[in-house]
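Report on the following structure.
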Amino acid sequence: MRQPAVFFGHGSPMNALGGPYADAWRALGKEVGKPRGVVMISAHWETRGLGVTAQEQPETIHDFGGFPPELHAMQYPAPGSPSLAGRVAELTGAQATTQWGLDHGTWSVLAHVWPAADVPIVQLSLDRTLDARGHYELAKALRPLRDEGVLIAGSGDFVHNLRTWKRAGGEPYDWAADFNEAVKRAFVAGDHEALIDWVNLAEQAQLSVPTDEHYLPLLYVAAQQASDEAVSFFNDVIEGGSISMTGVRIG
């Protein structure tokens, strides 16, 4: 059975400890069931050249600072899958590595989607030698995996501007709301060219995407979308004015 492709707006690592976004991730996990494995592209693993995690038991990486001790102590002991890593390497030319594990873009979300930590996870890095179109074209190579029982996932944020984020919360900035809606419209229309050319997707797009590492995982999910596939959204909220929590499900 073909597995969906899912983009998670992961926001703060604190979401690992629970809350309304985590509730939606848990509901998604119940709906999707248990895939044979997951290939995750996270905003938090950037490399020169393409890497894929290949160990039997990936480390839970706490790639952040200044958060409560219970967050730093949290573990997500999901297994890896050397065989799935090998298949990803075969499809994409990625180099297998044991020098990375599961970063917070992955485990803070998946700890709620599959709380039993019983689904094998491999991470595919963001190769910084590629431009947006290069990432999209690379992502097409992952398409056969969905028919092999593997869920393709991306983790980042449509809108991710920490400099303008309001700690006390508040309404989204107009530019953030405009960009968030433009991304959603492009998905509904299947307009992947608009998603690739994100700088021209909305006015002041670069305020929403001042650096692109949180946006690029979205293209890996867009590349999985067939013309007849339904698209839906969850956690469609902009937090603190300029961090989008919006998730996308294809299929």
Side-chain angles (χ1 to χ4, degrees), residues 3-11 15 21 24-25 28 38-46 50 92 103-106 108-110 113 123-128 130-143 145-146 151-162 172 175-202 204-226 229-239 242-251:
Q3 289 293 324
V6 182
F7 176 81
F8 297 95
H10 69 243
N15 292 315
Y21 308 123
W25 297 334
L28 178 79
V38 174
V39 175
M40 172 66 90
I41 299 90
S42 163
H44 296 284
W45 188 25
E46 299 176 86
L50 190 63
T92 65
D103 59 54
H104 82 267
T106 296
S108 69
V109 170
L110 299 189
V113 181
Q123 279 198 221
L124 183 66
S125 73
L126 284 174
D127 180 357
R128 297 309 318 201
L130 300 176
D131 61 8
R133 184 169 299 281
H135 285 284
Y136 178 82
E137 294 299 330
L138 169 66
K140 287 181 180 177
L142 299 172
R143 287 176 176 174
L145 292 173
R146 294 180 62 200
L151 187 144
I152 308 299
S155 180
D157 300 289
F158 292 9
V159 178
H160 187 266
N161 191 328
L162 288 174
W175 48 263
D178 288 350
F179 189 81
N180 204 67
E181 290 304 311
V183 171
K184 288 165 59 186
R185 282 195 301 273
F187 265 108
V188 169
D191 188 354
H192 298 174
E193 286 299 314
L195 293 171
I196 293 165
D197 184 24
W198 62 266
V199 174
N200 294 307
L201 190 58
Q204 297 182 293
Q206 285 174 296
L207 273 173
S208 293
V209 187
T211 58
D212 64 3
E213 76 286 341
H214 277 76
Y215 181 84
L216 292 173
L218 185 74
L219 297 179
Y220 285 79
V221 174
Q224 310 310 313
Q225 185 182 16
E229 278 193 298
V231 58
S232 57
F233 305 100
F234 56 94
N235 282 342
D236 193 12
V237 174
I238 297 177
E239 198 173 64
S242 60
I243 302 289
S244 171
M245 294 300 301
T246 306
V248 185
R249 176 176 171 178
I250 304 295

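- Nearest approach of Ser42 to Gly105, heavy atoms of both residues: OG-CA, 3.6 Å.
- Counting only heavy atoms from C-beta outward, the side chains of Gln206 and Val199 approach each other to under 4.5 Å.
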Check the pair Asn15 / Phe8 against side-chain contact (heavy atoms from CB on, under 4.5 Å), numbers first and verdict last.
CA-CA 12 Å; Asn15 292 315; Phe8 297 95; over 6 Å; no
Side-chain donor-acceptor pairs of residues 183-191 under 3.5 Å, sequence neighbours excluded:
from: Lys184; atom 1: NZ; to: Glu181; atom 2: OE2; distance (Å): 3.1
from: Lys184; atom 1: NZ; to: Asp236; atom 2: OD2; distance (Å): 2.4
from: Asp191; atom 1: OD1; to: Ala194; atom 2: N; distance (Å): 3.1

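- If you take CD1 on Ile196 and CG on Leu219, they are separated by 6.5 Å, rounding to the nearest 0.5 Å.
- The shortest distance between side-chain heavy atoms of Val39 and Tyr220 does not fall below 4.5 Å.
- Side-chain contact check for Arg128 versus Asp212: some heavy-atom pair is nearer than 4.5 Å.
- Checked against the 6.0 Å centroid threshold, His160 and Tyr215 do not count as a close aromatic pair.
- For the pairing with Arg249, the side chain to side chain contact (heavy atoms under 4.5 Å, CB included) check across Val231, Leu28, Val221 returns one residue only, Leu28.
- Once rounded to the nearest 0.5 Å, the distance linking CG of Asp197 with OH of Tyr136 reads 13.5 Å.
- We find the NE2-CG distance between His214 and Leu126 to be 10.0 Å, quoted to the nearest 0.5 Å.
- Closest approach of Asp157 to Ser244, counting heavy atoms only: OD1-O, 2.9 Å.
- Shown here for Ser242 and Ala176, the closest heavy-atom pair between the two residues is CA-CB, 4.4 Å.
- Between Gln224 atom CD and Ile250 atom CD1 the span is 9.0 Å, to the nearest 0.5 Å.
- For the residue pair Ser155 and His10, a side-chain donor N or O sits within less than 3.5 Å of a side-chain acceptor on the partner.
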Tell me, with the steps shown, if Phe234 and Val6 meet side-chain contact (heavy atoms from CB on, under 4.5 Å).
CA-CA 10 Å; Phe234 56 94; Val6 182; 3.8 Å; yes
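- Across every non-hydrogen atom of Ser108 and Trp25, the tightest pair is O-CZ3, 3.8 Å.
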Take Ile243 and Leu162, measure what side-chain contact (heavy atoms from CB on, under 4.5 Å) needs, and give me the verdict at the end.
CA-CA 7 Å; Ile243 302 289; Leu162 288 174; 3.8 Å; yes
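- Judged by distance alone, the side chain of Gln123 and the main-chain N or O of Trp45 form no donor-acceptor pair under 3.5 Å.
- Residues Pro4 and Leu151 come closest through the heavy atom pair O-CG, 3.4 Å.
- How far CE of Met245 is from CD of Glu239: 6.0 Å, rounded to the nearest 0.5 Å.
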Trp198 and Leu218: side-chain contact (heavy atoms from CB on, under 4.5 Å), yes or no, with the steps?
CA-CA 11 Å; Trp198 62 266; Leu218 185 74; over 6 Å; no
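- Residues Leu207 and Phe179 have side chains not in contact (no heavy-atom distance under 4.5 Å, counting atoms from C-beta outward).
- Taken to the nearest 0.5 Å, the CG atom of Asp178 stands 8.0 Å off from the OG atom of Ser208.
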